[in-house]
Amino acid sequence: MRASEPSASIGSPARAAQPRAARPQPRPAAGDAQSNLPPALLRPFRLIAFDWDGTAVVNRRADATAVRTVIDRLLRQGVFVAVITGTRFENVDRQLSSGIHGPHARRLFVLTNRGSEVWGFDDAGRRVSLWRRVATPDEERRLTAAADALRAALVAYTGLDIRVVYDRLNRRKVDLIPLAEWADPPKSEIGALYRAVQSRLVRAGCHGGLAAAFRMAREIARRVGLRDARITSDVKHIEIGLTDKSDSVDWLMHELAPKHGIAPEEVLIGGDEFGDVAGFEGSDARMLTPSARGATFVSVGPEPGGVPRDVIHLGGGPQRFVELLDAQARIHERRGDGGAAMPSPETPTRATRSAAPPSDPATGFSAALPVAPTPDPRWRIVDEGLNIAREHEIESIFAITNGYLGTRGSLAEPNPLSTPATLIAGVYDVEEHSPEIPELVVMPDWMRLCALVDGQRFEPGRGEILEHRRILDLRQGLFWREWRHRNPDGRVFRLRALRLASLADRHALLQSAVFSPENFAGTITLETRVEPPPRHPTLPSVRAVGKREKGDVRAEHSRAAEAARTDPAPGDPASTPMALALRTPTTGTTVAFASAATLRPEDAVRSIREHSGARGRLVQRIRADVRIGGVYRLDRFVSAFTSRDTDDPEAAAAHHLELLRRRGADAMIADHVAAWRERWHAADIEIDGDDDAQRAVRFACYHLIAAANPEDERVSVAARGLTGPSYSGHVFWDTEIYMLPFYVHTHPETARALLMYRWHTLPAAREKARAHGCDGAFYAWESAADGAETTPRRVLAPDGKIVTIRTGEIETHISADVAYGVWRYWHATGDDAFLLDAGAEILIETARFWASRGRIEDDGRYHIRHVIGPDEYHEDVDDNAYTNGMAAWNLECAAGVAELLARRWPDRWDELRRRLRLEPDEPAAWRRMADVVYLPIDPRTGVIEQFQGFFDLEEVDLAEFEPRTAPIDVILGRERTRRSQVLKQPDVLMLIALLWDRFPPRVREANFRFYDPRTAHGSSLSPSIHALLAARLGDLAAAERYFRQAAEIDLADNMGSAAGGVHAASLGGLWQAVVFGFAGTSFRDDRPAFEPHVPAAWRALRFRLLWRGVSYRVAIDAGGAVSCEPEPTDRTE
Amino acid sequence: MPAILVPLDGSPHATVALPVAQTLARLLDGTIHLLHVTPQAEPPRELLRDLGLSPEDLRDVILDVPAGDAAPAILAAAEAADDPIIVLCTHTGMDKPFGTLGHVAEEVLLSTHAPLVLVQPERGHRPWVVDNILLPHDGSPTTAEGFRPASRLALRAHAELLVLHVAEAGGERPPEPGTFTLPRYVDQPQHEWPTWAAEFLERACRLGGIPDELELRLQVATGEPGAEIVRTARERGSDLIVVVWRGRPEPDRARTTRAIIHQAPCPVLIYRIDE
């Protein structure tokens, strides 16, 4: 390897950066060039991307003939070439692209303006815009505000002339030295420039110099609300922007490379400043993005501060870079592949690439998993590294659930803040300290898996993590883990593993891991465990059962309490299937988990030993002989059943496990991925132009799909789904009002099952109504297995005071919410069987509740007193607008359905009427009440008073308390909040959102303007509804702000909101904000209609909607043009 | 075994650091180093007289008399020690009002990376007992990490730890990933508050190395953090406030730290973790 150029420092500018490449250099003989290059650069790369100024050419005025010539050769050989530059297209075009003609120019890409633009070329060599980051007006304003604020701060600090350059795409440049002699400094003068800038700032009083200015820029950008601002510096300027070179590399890796089947290992990325320069990150360091992991990086710069570990330092400047390109061109010319994708041992294809080598060159054994993580960043959530401070929220966000069970995204090895938990829908128990409050039960921890060599475990807390990430693959419903680790004894191994809770077979769980010992050989022990859960901080746990009538359940389905096989049967390297049975302590539900593991290649296995411990623990150990660089795959099948599913869950689990083993891991994965594909076909929302919004909406859809089980109509979706312990698995109005629309329009079977849960729990709702002196059905504010009220009665608030909770007693609107869900489902599906079997009964029983809970008083109006509306800051109020409005709707709807049934299905109506002992005049009475409901609209302002006396309360300017780090009722105190017009969440506005067509436009607008500034958004259910309403009203600035706020509830990395589980209602609200808000979907004249107001950055919005058995493909472009086409019905069945 | 450095300048106020240092030395098995920085060497007998120390004060104590300026010498001594803790009077000038930081203390505060205990002269020479330790916590992982020295001390002293989280209207949430502050959203208080409190304390314990056997309480306050921390320390009779400081001296950054130093009713342990 050739030594690098003499190092340069800020004090002695790079000597390499002299204009040596001003003339075309004679092409070195292939042997010469290649012998001077490290072997890692002598394999063919299919995509070569590089910085321009300083890497490919000395400066923008230099003669670029040499580099252009060799690039032309590479393009002709089918190599993709990408130039990454901070400057404008014209500057590169002059030196490069204007001189390349012919169809091969289509493989040339110029990524300009510091990550903000991508240009390609057509056959005629004309440039084509492929991508452009368009700043929103709000972002433009913030960029300018940040630059102005930085300038003002520096001027105040130093008194110097500091200027702002505004006319740059997606960025502002603050010129620290706007002096004539430094107007356009060449890159080679960076050392002198640095000294000049530093001296200028320090002398004027900014003692921290450029570094301090840089820090200030970062702080100011954050303060003005620039999310993910990119702060860079070329020493002369501090630049505040929306993009940087990482966006260019991400585009190449996510858009270009996947499209052409180019693996990261086939990508070469070149630059000249990867290392620090004067204490600053070099300008090319941003190209080291996670998306390019696996690519080869090379620097030809002097790199006085050294290069990051993953970068090959070649040195030699542009001349050396031309030599490198020339060597590449020769390699390709010799291969003569002319652009064909030619996989080679060194260049794994996309299908086979893996964090662990996909195949073992020595044995030919292929351990490749049948799928790889979805490369598109808009389809995945990534947690890079391992920050245990975020462990709880990561575990929630990365949970894999399928509606039957959910497993948090914990690692297979414990860490101090890890709380692994598997939850099964409908399995509740109570704890001694609160026997009236059932809570979901923590199931056995089936994820434990570790590798041991010489008794030493590989675990993140020991040794050095060389690489670690968790990926939630939204598209495929997979949890991925990629990990490279060095143990304290120096052994290094690499692993890629997936985990799934099958959507195709809800009792099936799978772990598949491909691993490779990189630098060691010997005997490795793989230990898998199913363990009774450790005591959970907040939830009850299942416990080991002892003897039961049939004998010891552990022994019953294990082949033996302890089994050892030193000679596994040929072709059957699997461990013995073993089942673990546990029981909920109070409710007595039995749960059984069966597990078996398989290691391949089979001949590596030396022994398999199973152990069923006395404390109800299954341990399976596979000992295997491994070689350096060998590749191995472990598949672990797990099956789970409970006594809710079958009389003998152990037998069911064991039998099911056997079926899974026969089917095999690859088929299981394929089934699962296919099931997800099917659901995404109906549920996906595509947003072009806003990757954050796209990812957030897909994240929402992922967890909504995963939360519900259409096969079990005795469970519903809890407030946190099955992703975490918060809210104890209780079901709220969240399901019918926030989540149900998603299911109704993407998977009606699920919606139906959720509503059937409310039908099955009608007895408990009737009982609650009776207990409150009412008729009909008063649904539980919080509901668990049987629908009985499970709301805790009191809580210890953070100020140390005991607060009485009255929601279970007087938050009555839940009954109307359930009824609304019933009607909405029936209206959208026309499922008359459901209406006749269950829906009508719910509508009638809830209407009867309202008829008894409120009454027509002396003023001739129907009043409901002593309630809590959605705005729970105000308790025990009279005539809450939402409650009254929804109750009236419920009464009217039930009366209408009664008439419909009597007319269309008289026999069924008679049967229902008799069974419910419904008096003939009841429906008419419901209508009368609905007609005179107390819901006054101020004729002057159009505003609806939220409850009687609301307008008399204190007005509080919420803006004075922004930004807030606490809910407003904590800041103001409960009592003052109660006496103020501050709302926790939309109340009148919620009513308008649900019954939109019943309010004239003036009233909608007036109420939004009145209540929006009074809403403190103290509930996660709030921002999404305001986004929806603002969008429908055409207030896009507010809509986008609320949409972002809703999207960040689970995904922000400094809130920890998701620690107890994801916010399922907010996720449903986010979906509604897009479909009903931005797209403005409504259903009129028997087909969907649209009134879109789409954010400026959204170039297109596409989704599907199911309506009356027809799937509609909806596409809305940036101009608001809508296309809505029905699809063949067979797909929608 | 920590080296407990106690700078003395001969003023009566300076020696108020001694009772605190003695308790620390006892609890942590540390050795007290009295530091008297003089322009030139001084005979020991005269030195003891000048410092106002009794022979009792010098039991199991090492007396170092470096020459030079005070602050650099203190910093150098801390730099040279393996496990230093500096215990220092906030100011020794007689004419300064309560709450002022003398120039030596100021310089040491800004420059040292050793744990620094600041003792107000008003505390006098009463023996120091550590029963209650106040841990103001902004919810960031870095602050929790800074609880480790306090955990060690609390464990030895069998002290109760009170974790105080202050929410400030208009205050900003620390941007550090993994930060856990009061919830922005409290959908249902009956579920949210118990799980929030459990989560807040669990993170503080696991990240701050607080062992399970220590008694730990959580208190939440609203208002200006510095004032609330001082108020809580007064109300709860705290014996020590532990401040995790990110080493940012700019006025807006050090606002809370300075407010505590200036107004604390008890010694303040500053544990610095640079950003």
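Please read all numbers here as calculations on a predicted model, not as lab measurements. Each chain gets a letter, A, B and so on, in the order the sequences are listed, and its residues count up from 1. These numbers come from the heavy atoms of this one structure, side chains and all, not from hydrogens, waters or symmetry mates.
Side-chain contact check for P189(B) versus V803(A): every heavy-atom pair is 4.5 Å or farther apart. At a threshold of 4.5 Å between non-hydrogen side-chain atoms, the residues S1066(A) and Y185(B) do not count as touching. Side-chain atoms of R184(B) and E1048(A), non-hydrogen and from C-beta on, never get closer than 4.5 Å to each other. Contact check for T807(A) versus Q190(B): side-chain heavy atoms found under the 4.5 Å cut-off. Proximity of R206(B) to N415(A): side-chain heavy atoms (C-beta onward) are nowhere separated by under 4.5 Å. When side chains are defined from C-beta on, D799(A) does not count as touching W193(B), because their heavy atoms never get closer than 4.5 Å.
The existence of a salt bridge linking E176(B) and R222(A) is excluded, since no basic side-chain nitrogen approaches an acidic carboxylate oxygen closer than 4.0 Å. Ion pair R173(B)/E962(A) not flagged as a salt bridge, since none of the NZ, NE, NH1 or NH2 atoms sits closer than 4.0 Å to an Asp/Glu carboxylate oxygen.
For F147(B), the ring pair (Phe, Tyr, Trp, His ring centres under 6.0 Å) partners two or more places apart in sequence, or in a different chain, are H137(B).
Per-residue counts of heavy-atom pairs under 4.5 Å with chain B were compared for S1057(A), S1022(A), P792(A), P1023(A); the largest is that of P792(A). Put simply, of G800(A), G1060(A), A797(A), G1018(A), the one with the most heavy-atom pairs under 4.5 Å next to chain B is G1018(A).
The structure places OG of S728(A) at 12.0 Å from CD of Q188(B), a figure rounded to the nearest 0.5 Å. Atom-to-atom distance recorded for F732(A):CZ and D187(B):CG is 8.5 Å, nearest 0.5 angstrom.
Both the backbone and the side chain of T179(B) come within contact range of chain A, each with at least one heavy atom under 4.5 Å from a heavy atom of that chain.
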For this session: Test side-chain contact (heavy atoms from CB on, under 4.5 Å) on R203(B) and H392(A) and set out the steps.
Result: CA-CA 9 Å; R203(B) 290 187 190 218; H392(A) 285 176; 4.2 Å; yes

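Side-chain contact check for E782(A) and H191(B): at least one donor-acceptor pair (N or O, by modelled atom type) lies under 3.5 Å.
Here the closest heavy-atom approach between residue E393(A) and residue G178(B) is recorded as OE2-CA, 4.2 Å.
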